[in-house]
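Chain A is the first sequence line, chain B the second, and so forth, proteins listed ahead of strands; every chain is numbered from 1.
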Amino acid sequence: MEQSFYDQVFEVVRLIPKGRVTSYGAIAKSLGAGGSARMVGYAMSNAPLAHPPIPAHRVVNSAGLLTGKFHFKTPDLMQELLEKEGIVVKGDKIQNFKKYFWDPLIEI
DNA sequence: GGATTGACGTGTC
DNA sequence: AGACACGCCAATC
């Protein structure tokens with residue numbers, strides 16, 4: 001089976017603890033992809049196609065902005081899920097992003 | 001197999 | 001502070 005970056009990305013995203021978030025770049029780095037942060041986001045396009053559900057709402061860009069919220073079923077869903085996990089989101093942006101940040105490089 | 005595409009990142013104007 | 005530009009790199013057309 002060709003485990004493309006997509007599968008690797010999915011795997012990492014699924015490892016994100018509840019109430020935590022991470023950035024595309026961090027995931028890419030943990031995969032050894034380095035600057036291919038775009039690939040991570042690109043992979044997430046296939047997230048809804050993945051068999052196990054992927055908590056894509058826990059993945060945001062380096063600024064803590066919910067850039068991919070429009071790719072969800074509904075744009076508000078992402079923020080709702082995050083707030084439900086205790087994360088404060090204001091203006092499509094995560095507050096105390098640094099505090100909620102989960103680094104796969106460290107945790108894995 | 002070249003061109004296009006992206007849920008990004010960092011830097012510059 | 002906000003807008004714009006370029007770079008990265010793999011998958012898809």
Side-chain angles (χ1 to χ4, degrees):
Chain A
M1 351 239 234
E2 288 92 56
Q3 290 212 325
S4 49
F5 276 94
Y6 288 25
D7 298 302
Q8 297 182 53
V9 171
F10 298 153
E11 200 175 339
V12 174
V13 174
R14 280 193 227 115
L15 292 175
I16 301 175
K18 183 183 170 215
R20 285 292 165 104
V21 292
T22 191
S23 68
Y24 301 96
I27 294 173
K29 241 180 178 180
S30 71
L31 297 177
S36 51
R38 310 182 76 161
M39 299 295 85
V40 178
Y42 194 48
M44 300 304 285
S45 294
N46 287 314
L49 304 179
H51 283 203
I54 298 179
H57 59 277
R58 293 182 190 151
V59 186
V60 296
N61 68 357
S62 62
L65 202 63
L66 311 185
T67 50
K69 71 173 199 170
F70 292 106
H71 288 256
F72 283 76
K73 184 146 191 177
T74 61
D76 296 328
L77 182 61
M78 188 173 190
Q79 181 172 334
E80 277 186 42
L81 290 171
L82 288 172
E83 289 182 336
K84 205 174 167 190
E85 298 189 354
I87 298 174
V88 182
V89 181
K90 185 174 185 179
D92 299 340
K93 190 173 140 213
I94 295 178
Q95 304 300 300
N96 301 320
F97 175 58
K98 243 171 146 182
K99 179 173 158 190
Y100 294 117
F101 187 73
W102 177 81
D103 193 342
L105 286 168
I106 299 174
E107 304 294 338
I108 292 182

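Counting to the nearest Å, the C1' atom of B:dG9 and the CZ atom of A:Phe97 are 12 Å from each other. A:Lys93 has its NZ atom 17 Å from the C1' atom of B:dC8, to the nearest Å. Atom P of nucleotide B:dC8 and atom NZ of A:Lys69 are separated by 14 Å, given to the nearest angstrom. Going from atom CG of A:Asp92 over to atom C1' of B:dC8 covers 17 Å, rounded to whole Å. Atom CG in A:Leu49 sits about 16 Å away from atom P in C:dA11, given to the nearest Å. With rounding to whole Å, A:Leu77 atom CG is found 17 Å from B:dA7 atom P. For the pair A:Met44 CE and B:dT5 C1', the interatomic distance rounds to 18 Å; values are reported in whole Å. Rounding to whole angstrom units, CZ of residue A:Phe10 and C1' of B:dA7 are separated by 12 Å.
Using modelled atom types, no side-chain atom of A:Tyr42 and backbone atom of A:Tyr6 make a donor-acceptor pair closer than 3.5 Å. Although no hydrogens or angles enter the test, the distance criterion places no donor-acceptor pair under 3.5 Å between the side chain of A:Ser23 and the main chain of A:Asn61. Under a 3.5 Å cut-off, the side chain of A:Asn46 and the backbone N or O of A:Leu49 do not form any donor-acceptor pair.
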* Audit row: A:Arg58, A:Glu85, salt bridge (charged side-chain N to carboxylate O under 4.0 Å, His left out) steps and yes/no -> CA-CA 10 Å; A:Arg58 293 182 190 151; A:Glu85 298 189 354; 2.8 Å; yes
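The side chain of A:Ala56 lies closest to B:dA7 when the candidates are B:dG9, B:dA7, C:dA11. You'll find that the side chain of A:Asn61 is closest to B:dG9, out of B:dA7, C:dA11, B:dG9. Side-chain proximity of A:Ala47 to B:dC8, C:dA11, B:dA7: nearest is B:dA7.
Toward the 5′ end of DNA chain C lies the nearest nucleotide of A:Ser36, the other residue of the pair A:Ser36 and A:Asn46 mapping further downstream.
For A:Tyr42 and C:dA10, a side-chain-to-base donor-acceptor distance below 3.5 Å is absent, hydrogens and geometry of angles not being considered. Counting atom types as modelled, A:Arg38 pairs no side-chain N or O with a base atom of C:dC9 as donor and acceptor under 3.5 Å.
Here the shortest heavy-atom pairing between A:Val21 and A:Phe97 reads CG2-CE1, 3.6 Å.
Among the heavy atoms of the strands lying under 4.0 Å from A:Phe5 are primed sugar atoms or P, OP1, OP2 only; no base atom is included. Among the atoms of the strands shown, base atoms are found under 4.0 Å from some heavy atom of A:Phe72.
Considering only side-chain N and O atoms, A:Ser62 lies nowhere under 4.0 angstrom from the phosphate OP1 or OP2 of B:dC8.
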